[in-house]
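Every chain is numbered from 1 and lettered A, B, ... according to where its sequence line falls, protein lines coming before strand lines.
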Amino acid sequence: MERNKLFRDLRTSLIIAAWFSFLLFPLLVMKVSVTSGAALVRFRWERLPGIAVAAFALSFAWRRALEWNEARGDKPSGAGPIAALTARARSALAVKPIRLSVSAVLLAVVAVYPFALGMYHTNIMITALIYVILALGLNIVVGLGGLLNLGYAAFFAVGAYTYGLLWKYAGPAFVAAGVDPGWLFWIALPTAGVLAAVFGALLSLPVLRLRGDYLAIITLAFGEIVRMVLQNSGAVTGGATGISLIPRPWFFGLRLPPRQAATYIYYIAVALVALTVFVVRRIEDSRVGRALEAMREDEIACEAMGVDLVRNKLVTFSLGAFWAGIAGVLLAAQTTYINPDSFTLWESITVLMAVVIGGTGSIPGAIGGALLLKLLPEYFRPLAQYRMLIYGIAMILVIIFKPDGLFPRNRKKYTFEGAPSEGGASPAADGQEARR
Amino acid sequence: MSATDPILEIDRLSMIFGGLRAIDDVSLHIREGEICALIGPNGAGKTTIFNCITGVYRPTEGRVTIRRGSGQREAIQGLKPNVINRKGLARTFQNIRLFGNMTVLENVMIGRHNALAAGVLRAIARDAATRDEEERLIDDCRRILVKMRLDPFINETARNLPYGAQRRLEIARALATDPFLLLLDEPVAGMNPHETKELEETINLIRDEEKVTILLIEHDMSLVMNVSERIYVLDYGRLIAEGTPDEIKGNPEVIKAYLGE
Amino acid sequence: MDFFLKLFLSGTAKGSIYALIALGYTMVYGIVQLINFAHGEVYMIGGFTALIIGGLLFSSGMAVPLVLLLSILAAVVFSAAFGFTIEKLAYKPLREKPRLSALISAIGISMILQNVVLLAQTEKYLSFPSYLPELEFLRPVREYLNSTQFIILVTTAAIMVILTLTIKFTRMGKAMRATAQDKHMAQLVGVDINGVISLTFIIGSALAAVGGVLICSYMGQINYYIGFVAGIKAFVAAVLGGIGSIPGAVLGSFILGWTESLGTGYLSSDYEDAYAFVILILILILKPDGILGKNQKQKV
Amino acid sequence: MALMELRDVCTYYGNIQALRGISLSVEEGEIVTLIGANGAGKTTTLMSICGIAQIRSGSVTLDGEDISRKSPHSIVAMGLSQVPEGRRIFPQLTVLENLDMGAFLRRDKAMVRVDLEEVFDLFPRLAERRNQQGGTLSGGEQQMLAISRALMARPRILLLDEPSLGLAPLIVQNIFEIIKRINEERKTTVFLVEQNANMALKIADKGYVLQNGSIRMADSAERLLANEEVRKAYLGL
Amino acid sequence: QKKEAGTIKIGVAGAHSGDLASYGLPSVNAAKLVVEAVNAAGGIDGKKVELFVEDDQCKPELATNAAAKLVSDEVVAVIGHICSGATKSALGIYKDSKIITVSPSATTPSLTQSGEYPNFFRTIAPDDAQARLATKFIKETLGLSSLAVLHDKGDYGKGFAELVKQYAESEGIRVVLFEGVNPGAPDYSAVVNKIGNSGAAGVVWGGYHPEASKLVQQMKDKGMDLPFISDDGVKDQTFIEVAGAYAEGVYATGPMDTSSNPLAVKAVADHKAKFGEEPGAFFLNAYAATLAVVNAIDKAGSTDYDAVIKAMRSEYVETPLGKISFDGIGDVIGFGFSVFQVQGGTYVELK
Ligand SMILES: Nc1ncnc2c1ncn2[C@@H]1O[C@H](COP(=O)(O)OP(=O)(O)OP(=O)(O)O)[C@@H](O)[C@H]1O
Ligand SMILES: Nc1ncnc2c1ncn2[C@@H]1O[C@H](COP(=O)(O)OP(=O)(O)OP(=O)(O)O)[C@@H](O)[C@H]1O
Ligand SMILES: [Mg+2]
Ligand SMILES: [Mg+2]
């Protein structure tokens with residue numbers, strides 16, 4: 001029986017190896033170059049065995065992994081070693097002293113990070129933290145609101161350009177008056193958030209009755225329009241040339257060298273992430289958050305219960321946009337240079353990927369997803385030109401093996417203590433057992 | 001105004017889908033404290049009438065008006081469902097539409113959405129008033145659940161509830177919006193005779209204790225005849241009869257079109 | 001007037017280019033509700049395959065019409081094989097999972113394919129030799145419409161008609177529509193949904209390949225990145241027309257083409273994409289399900 | 001040999017066990033009914049038979065052939081058809097197209113047309129609505145359509161999940177008559193799940209009572225109808 | 001990190017993935033070839049040269065990360081970045097960390113002319129020089145009185161186009177059409193129709209070759225035979241490869257023809273031998289940039305920032321672009337610009 005299965009498996013792998021050798025033949029074995037209009041083809045036969053062997057081995061491993069993954073999914077939760085571990089971790093965290101000391105350690109790690117690892121790591125961490133804020137914000141829209149937004153980069157741009165334009169137009173006045181233009185950062189931060197939120201509300205107002213992918217494509221359109229406007233109104237925004245020499249945030253009048261400046265911005269970013277998490281959690285656990293949850297489950301029922309969908313969606317959009325605006329200011333401060341290239345559709349997609357790969361709707365997910373998506377390619381740098389290929393493969397592996405994300409949403413459920421716990425048998429009407 | 005002035009009045013309502021006249025010039029009214037039933041063959045237009053009342057559809061013609069307490073009579077046709085709900089009309093759905101992944105308690109909490117005031121800013125600030133509000137909310141919800149005999153399931157995920165309990169939860173959720181008029185669409189479909197009997201009592205209870213007027217659609221004649229004071233019969237979108245259960249039972253047209261035997 | 005006619009025709013030609021890609025896009029979306037981001041890459045691979053196989057055959061001295069035929073055939077076969085494989089590998093495991101997961105998988109595939117071509121072939125733009133015949137009767141009017149544009153237009157129309165009829169009237173078409181609406185129920189009436197979905201991807205990818213060959217012939221060049229931009233545009237066109245609808249995809253593409261062309265002609269090409277997007281927004285505000293899309297409002 | 005047989009079938013949803021080792025058998029030409037409270041696992045039983053729900057252990061045999069690992073469409077191709085819970089009408093297909101899908105596997109075009117007329121005779125309401133989109137039908141109309149669609153397959157064995165749900169009293173009586181007639185005229189074997197246990201047992205040959213995912217009782221329909229426990233718990237008497 | 005004795009670290013940064021990889025990857029190849037040759041010849045003062053390749057996808061925020069990475073890798077100099085935007089955002093970091101930066105392709109005038117970046121050099125002409133040359137050519141040689149100026153909306157293309165427009169108008173040439181088109185679009189026939197309608201006597205294109213080849217192709221297909229003048233983003237053999245016969249007659253400004261320069265011949269031959277194909281965009285510029293850096297370090301006798309900068313400015317070096325050095329603000333001197341025309345399948349320098 002076992003032997004038979006193995007035999008079948010090997011045969012399948014052989015077929016798959018043959019299939020991939022065929023499939024990839026023109027692209028991997030043949031190589032085209034064109035000289036004076038004629039395509040010349042060179043054969044790289046030496047690659048063929050490699051492809052076949054790799055396909056054979058990978059397909060074998062792939063099916064095993066899928067099987068394992070399925071078995072894992074079927075198992076009652078709390079059975080697997082990982083599940084047991086998380087369960088134990090969770091129960092440990094419920095104890096106050098343990099929770100406190102874990103937080104303290106975490107805090108310490110976050111605090112010494114820039115000193116321990118140097119400027120490059122601080123810098124990429126800032127970029128990653130900017131994306132964490134973005135992902136947390138988009139998570140409000142996609143995760144809580146269930147609205148697919150593919151134009152999120154537009155709000156990011158609104159934020160960055162708020163700071164950029166403030167610098168461009170008010171900066172000289174500051175300099176002339178002898179005030180450090182780094183002050184503008186602190187002015188830009190709230191302004192950008194509010195502006196982006198207003199943008200979010202205005203742009204979404206006419207389109208909120210669209211559903212699903214139609215909403216997605218409209219937001220994509222808005223995102224691209226915003227970028228185009230930035231690119232084409234060169235007189236105001238600098239167009240494709242962008243805005244440069246944007247000041248770093250004010251720091252008690254000191255002009256920090258890059259390394260210290262990075263450290264400083266890193267702390268600002270950490271603080272903003274903390275603020276975002278705090279606000280998002282508060283909203284999630286509120287009347288508004290519950291209404292969003294219900295809206296995602298069933299819009300018609302939700303409306304019939306008196307929930308104003310349009311208002312809810314509007315709030316969702318502007319809240320999401322608000323954080324994108326904040327993140328934009330940080331980006332401008334970090335790179336000191338902005339141009340429309342930082343706000344393409346790809347940016348929106350990357351943030352969306354962070355949200356989904358982390359676990360749609362989950363705060364740790366948004367954080368983890370964004371860190372992963374922004375840090376991974378940085379750590380893949382040694383792979384050189386294979387970097388993006390590996391990155392794509394990694395993404396697919398994650399999503400196939402953890403389709404609900406790395407840190408799936410574990411929604412806080414409102415419960416009534418004093419009621420029988422979920423596991424206990426609840427006396428249902430007339431001796432029928434409650435369904436579980 | 002007299003106490004018998006109807007709290008809901010439907011005046012010459014018509015609803016046309018494409019070329020199909022699903023409701024054809026229907027007028028009916030409900031008085032405060034009544035339990036009325038709307039019956040009729042499949043596709044007669046019963047659910048469509050509910051949809052017109054609750055704002056899911058905008059009626060092609062006609063008026064729907066309500067009067068709450070001693071207030072003014074106001075027209076509600078064409079308003080949005082959430083607005084109509086806020087005016088005190090709540091409904092259940094023929095095909096159960098619970099928030100399946102939320103707990104029983106949470107489903108009812110959504111029902112109380114408009115009884116609370118906290119907006120985004122207050123949610124973030126979470127001031128004392130907001131905290132109070134939230135605490136009161138859970139108590140209120142529990143009270144409703146106890147009334148609907150759902151308290152044993154209070155922390156269960158709605159989707160995993162027995163069918164009968166799901167139907168009751170729909171009612172509980174609707175009740176949580178503090179309606180003065182409750183519209184029930186086939187509340188006992190899919191229930192066994194035993195459960196039907198229980199729901200009958202519950203419906204009476206809601207009317208008597210919560211002072212909620214009820215209009216229900218049902219194909220289960222045992223329930224209809226037992227609970228309702230007045231019955232409207234619809235066929236092909238037209239009203240073909242109106243009366244007490246006994247009158248309806250004996251009405252030959254109704255027997256022919258709907259009841260059989 | 002003459003200017004208008006020229007712009008209108010170039011919009012038509014551009015629209016039919018979008019349509020060639022949008023058809024496969026909309027078809028896959030219609031059946032599995034997946035925004036198949038990798039569709040543009042399959043189109044690009046179709047183009048590359050044709051370039052490679054065509055180059056091989058041409059340099060072996062084969063007659064041009066035969067080269068054309070065989071290279072299209074090769075493109076179709078390999079693209080279809082890619083479509084089939086991608087579905088099995090990256091989408092099927094996620095079929096019952098949240099829809100966004102499959103979307104991410106599609107984006108991942110798109111990245112992989114781009115980079116495979118980038119690494120295994122070249123990062124450079126390559127000249128794409130056109131084996132398409134020069135149609136004599138179009139010579140006098142080539143200012144308005146040239147042969148390649150004409151061939152693309154005719155092909156698009158033909159594919160649209162064939163696909164629409166197939167989906168509307170054949171058994172397979174019915175199976176596809178049933179699968180699109182309710183996979184479990186489709187199985188319960190005897191539809192082999194795995195087969196249907198595979199076939200959908202195969203047809204969609206084959207169409208992308210035809211698009212790849214024709215459009216690259218028209219542009220005269222190819223590179224690993226051409227799929228992404230084209231894919232997005234095709235997606236917009238498909239949504240505009242009502243995603244899932246075959247004639248809708250074509251109509252949406254034409255509207256896009258005309259808008260861009262007339263906008264460029266009478267206003268400025270600086271905002272070419274913006275015109276398209278503004279039209280998209282306006283149309284969707286008026287018709288939230290696209291021009292020919294079915295109203296999917298559910299009855300309560 | 002029984003036409004269809006379930007042996008020790010266990011089915012799970014994730015890690016919730018819905019069926020706890022069910023065994024039952026259906027002979028050719030019989031009407032067998034399965035009754036039970038809400039959530040007992042009736043629907044799950046049907047879904048396990050046709051392969052939509054993967055069974056974890058046990059076996060389902062049709063004509064002696066083990067079908068528990070077969071894909072749903074090939075099980076359907078063996079002559080099984082179903083009126084599923086929740087109707088599952090193809091919402092954007094018209095009534096006619098929905099019925100057409102019911103006959104998806106049939107090749108005898110002429111007979112299909114005859115059957116179509118027959119179905120329209122049974123439910124004149126559907127004939128009136130033949131070009132309406134399935135999704136916009138009223139609840140009861142959808143139920144009629146679901147039953148008709150299953151009949152269009154001319155199955156050897158028909159699985160019905162609460163066919164009377166949401167139908168007007170007049171039609172409910174009709175439905176049971178139709179089931180009985182189909183069973184007699186076409187020799188279709190019927191496996192019937194019903195809340196309306198009274199009616200179901202009246203037309204059935206044999207009945208099973210399901211409780212909490214296990215078979216609680218198995219007996220002839222008459223005896224079950226007379227059984228005190230059944231009368232009290234399921235017939236509301 | 002300890003500095004490994006005996007190696008000199010040089011970074012190569014630019015777009016190596018994403019849509020603009022085709023402009024960035026050739027410079028990696030160039031640097032590799034130079035470094036291989038240098039190391040094969042025993043390195044600089046016996047020290048081997050080590051390359052650090054960092055991708056920025058032409059995005060400013062990734063460019064800062066790449067820059068920070070190179071800083072932490074302690075490179076002495078960077079060949080890059082490719083796009084002006086990315087270069088701008090990275091330059092601040094290099095400047096503060098005293099790293100010499102030589103871009104093969106960033107042409108925004110302000111990079112050198114603003115005086116902000118003493119560490120910046122480039123082996124390509126700033127846009128204004130090219131634009132001036134192009135305008136002069138249009139006015140004096142071609143004698144056109146009206147122009148259609150198109151660009152790809154990008155930093156480089158639009159910058160060039162705007163300068164040409166400005167210079168042309170001051171020379172009394174009418175610019176009857178000034179527009180940006182979408183790079184990567186499959187079809188430009190609408191804008192080509194518009195050119196025809198505008199009555200322009202010639203077309204100026206600011207941008208890169210893929211769009212240029214589509215434009216000339218579609219213009220000629222419509223029977224429009226206007227002079228087509230472009231920048232050194234088009235003065236690239238790939239353009240001719242891609243556009244084929246349509247390329248015939250196209251003008252482009254670019255560094256003086258150095259293809260017969262033995263170093264250039266060798267560089268291209270080496271590339272073919274090693275990578276199996278013709279080199280891509282900015283290959284020779286990057287090759288020259290790397291040579292210049294290597295030479296400056298060699299001449300300075302150390303990797304000391306000030307010494308190397310001084311050497312960059314004072315020492316001449318033989319490169320495929322000719323014998324070059326850099327002026328006080330970092331622009332290349334020693335090889336002028338010319339106007340070229342495609343004749344018989346190659347760019348021919350017009351004297
Ligand atoms: N959106 C719609 N488009 C077209 N026809 C509709 C639509 N909604 C309802 N109908 C038609 O209107 C008629 C009335 O439907 P309705 O749902 O009100 O019936 P009902 O009385 O509730 O029936 P049932 O008892 O079966 O639930 C039906 O024939 C139905 O097909
Ligand atoms: N998709 C699902 N996921 C998780 N649990 C499920 C799912 N479907 C059903 N269940 C559970 O499986 C058990 C059996 O359900 P099933 O639907 O088979 O019951 P039933 O007898 O058909 O009830 P009803 O009379 O309500 O139709 C129930 O406890 C139910 O909660
Ligand atoms: Mg109804
Ligand atoms: Mg059931």
Side-chain angles (χ1 to χ4, degrees), chain A residues 19-20 22-28 30-34 37-41 62 66 69 142 148 206-207 209-214 216-218 220-222 224-225 228-229 231-232 300 304 345 349 352-353 355-357 360 385-386 388-389 391-396 398-400 403-405, chain C residues 29 33 35 45 48-49 51-56 58-59 74 78 81-82 85 90 93-94 97-98 100-101 103-105 107-112 114-122 126-129 232 235-236 239 243 270-271 273-274 276-278 280-281 284-285 288-290 296 298 300:
Chain A
W19 173 253
F20 273 89
F22 161 77
L23 183 70
L24 297 175
F25 190 85
L27 288 181
L28 293 194
M30 295 159 101
K31 161 134 183 165
V32 66
S33 59
V34 184
L40 295 180
V41 176
W62 177 252
L66 276 184
N69 194 44
V142 177
L148 185 50
V207 299
R209 67 196 191 102
L210 297 177
R211 277 163 302 104
D213 298 334
Y214 289 94
I217 192 79
I218 284 263
L220 183 153
F222 271 136
E224 289 297 282
I225 289 176
M228 258 172 267
V229 169
Q231 195 166 39
N232 287 320
I300 291 173
L345 175 60
I349 290 178
L352 180 69
M353 286 198 289
V355 169
V356 178
I357 282 190
T360 314
Q385 62 264 51
Y386 295 97
M388 294 319 278
L389 178 66
Y391 185 60
I393 292 173
M395 204 111 52
I396 289 195
V398 169
I399 206 70
I400 285 184
D404 296 313
Chain C
Y29 184 95
Q33 276 78 48
I35 303 176
I45 285 178
F48 257 101
T49 311
L51 177 70
I52 294 172
I53 304 292
L56 193 67
F58 189 74
S59 60
F78 279 97
F82 263 101
T85 312
L94 296 171
K97 297 296 188 307
L100 280 179
S101 306
L103 179 68
I104 300 303
S105 195
I107 295 170
I109 287 287
S110 155
M111 267 160 125
I112 292 175
Q114 262 177 36
N115 282 287
V116 162
V117 174
L118 169 69
L119 294 171
Q121 296 295 326
T122 175
L126 293 177
S127 158
F128 195 96
I232 295 291
F235 175 39
V236 170
V239 173
I243 192 151
D270 285 343
Y271 285 97
D273 280 350
F277 286 137
V278 167
L280 172 84
I281 291 168
L284 287 191
I285 287 174
D289 297 292
Q296 306 197 346
Q298 42 178 332
V300 294

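By number of non-hydrogen pairs under 4.5 angstrom with chain A, the leading residue of Thr49(C), Leu126(C), Leu284(C) is Leu284(C). Of all the listed residues (Thr360(A), Leu220(A), Ile217(A), Val41(A)), the one sharing the greatest number of non-hydrogen pairs under 4.5 Å with chain C is Ile217(A). Heavy-atom pairs under 4.5 Å with chain C peak, among Leu148(A), Asp404(A), Leu27(A), at Leu27(A). Across Asn115(C), Leu103(C), Val117(C), the residue that shares the most heavy-atom pairs under 4.5 angstrom with chain A is Asn115(C). In terms of heavy-atom pairs under 4.5 angstrom with chain A, the leader among Pro288(C), Pro93(C), Gly55(C) is Pro288(C). Among the candidates Phe22(A), Tyr386(A), Trp62(A), the residue making the largest number of heavy-atom pairs closer than 4.5 Å to chain C is Phe22(A). Ranking Thr85(C), Val278(C), Val236(C) against chain A, the residue ahead of the rest is Thr85(C), based on heavy-atom pairs under 4.5 Å. Ranking Ile109(C), Thr122(C), Leu118(C) against chain A, the residue ahead of the rest is Ile109(C), based on heavy-atom pairs under 4.5 Å.
Taking a 6.0 Å sphere around CZ of Phe58(C), one finds it holds 12 or fewer heavy atoms contributed by other residues, nucleotides or ligands.
With a 4.5 angstrom heavy-atom cutoff, Leu94(C) touches chain A only via side-chain atoms. Heavy atoms of Val355(A) lying under 4.5 Å from chain C are absent altogether. Contacts between Leu119(C) and chain A at a heavy-atom distance below 4.5 Å involve the side chain alone, from C-beta outward.
The ring pair (Phe, Tyr, Trp, His ring centres under 6.0 Å) search around Tyr29(C) returns none, not counting sequence neighbours. Under the side chain to side chain donor-acceptor pair (under 3.5 Å) criterion, Glu224(A) pairs with Arg227(A), sequence neighbours left out.
Side-chain contact check for Ile35(C) versus Asp213(A): some heavy-atom pair is nearer than 4.5 Å. Between Asp289(C) and Leu210(A) the shortest side-chain heavy-atom distance does not fall below 4.5 Å. For the pair Phe222(A)/Phe277(C), no side-chain contact is recorded, criterion being any heavy-atom separation below 4.5 Å from C-beta on. The shortest distance between side-chain heavy atoms of Ile107(C) and Met395(A) does not fall below 4.5 Å. With a 4.5 Å cut-off on side-chain heavy atoms, Ile243(C) and Tyr214(A) count as touching. The shortest side-chain heavy-atom distance between Pro26(A) and Phe48(C) does not fall under the 4.5 Å cut-off.
With hydrogens and angles ignored, the 3.5 Å screen pairs no side-chain donor or acceptor of Ser59(C) with any backbone N or O of Leu40(A). One N or O on the side chain of Lys31(A) and one on the backbone of Gln121(C) form a donor-acceptor pair closer than 3.5 Å. A donor-acceptor pair under 3.5 Å is formed between the side chain of Asn232(A) and the backbone N or O of Asp270(C).
For the atom pair CG (Asp273(C)) and CD (Gln231(A)), the distance works out to 10.0 Å, reported to the nearest 0.5 Å. Put simply, CG on Leu100(C) and CD1 on Ile399(A) are 8.5 Å apart, with the number rounded to the nearest 0.5 Å.
When all heavy atoms of Pro403(A) and Ser101(C) are compared, the closest pair comes out as O-OG, 2.6 Å. Residues Ile396(A) and Gly108(C) approach most closely at CD1-C, 3.7 Å, considering heavy atoms. Scanning both residues, Ile400(A) and Ala90(C), for their nearest heavy atoms gives CD1-CA, 3.9 Å. In terms of heavy atoms, Val32(A) sits closest to Ile52(C) at CB-CG1, 3.8 Å. Closest approach of Leu23(A) to Phe82(C), counting heavy atoms only: CD1-N, 3.5 Å. Shown here for Ala120(C) and Leu28(A), the closest heavy-atom pair between the two residues is CB-CD2, 3.2 Å.
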Before you tell me yes or no, could you show the steps for Met30(A) and Ile53(C) under side-chain contact (heavy atoms from CB on, under 4.5 Å), namely the whole-Å CA-CA distance, both residues' side-chain angles and the distance that decides it to 0.1 Å?
CA-CA 9 Å; Met30(A) 295 159 101; Ile53(C) 304 292; 4.1 Å; yes

What verdict does the side-chain contact (heavy atoms from CB on, under 4.5 Å) test give for Tyr391(A) and Ile112(C), after you've listed the backbone C-alpha separation in whole Å, the side-chain angles of each residue and the deciding distance to 0.1 Å?
CA-CA 8 Å; Tyr391(A) 185 60; Ile112(C) 292 175; over 6 Å; no

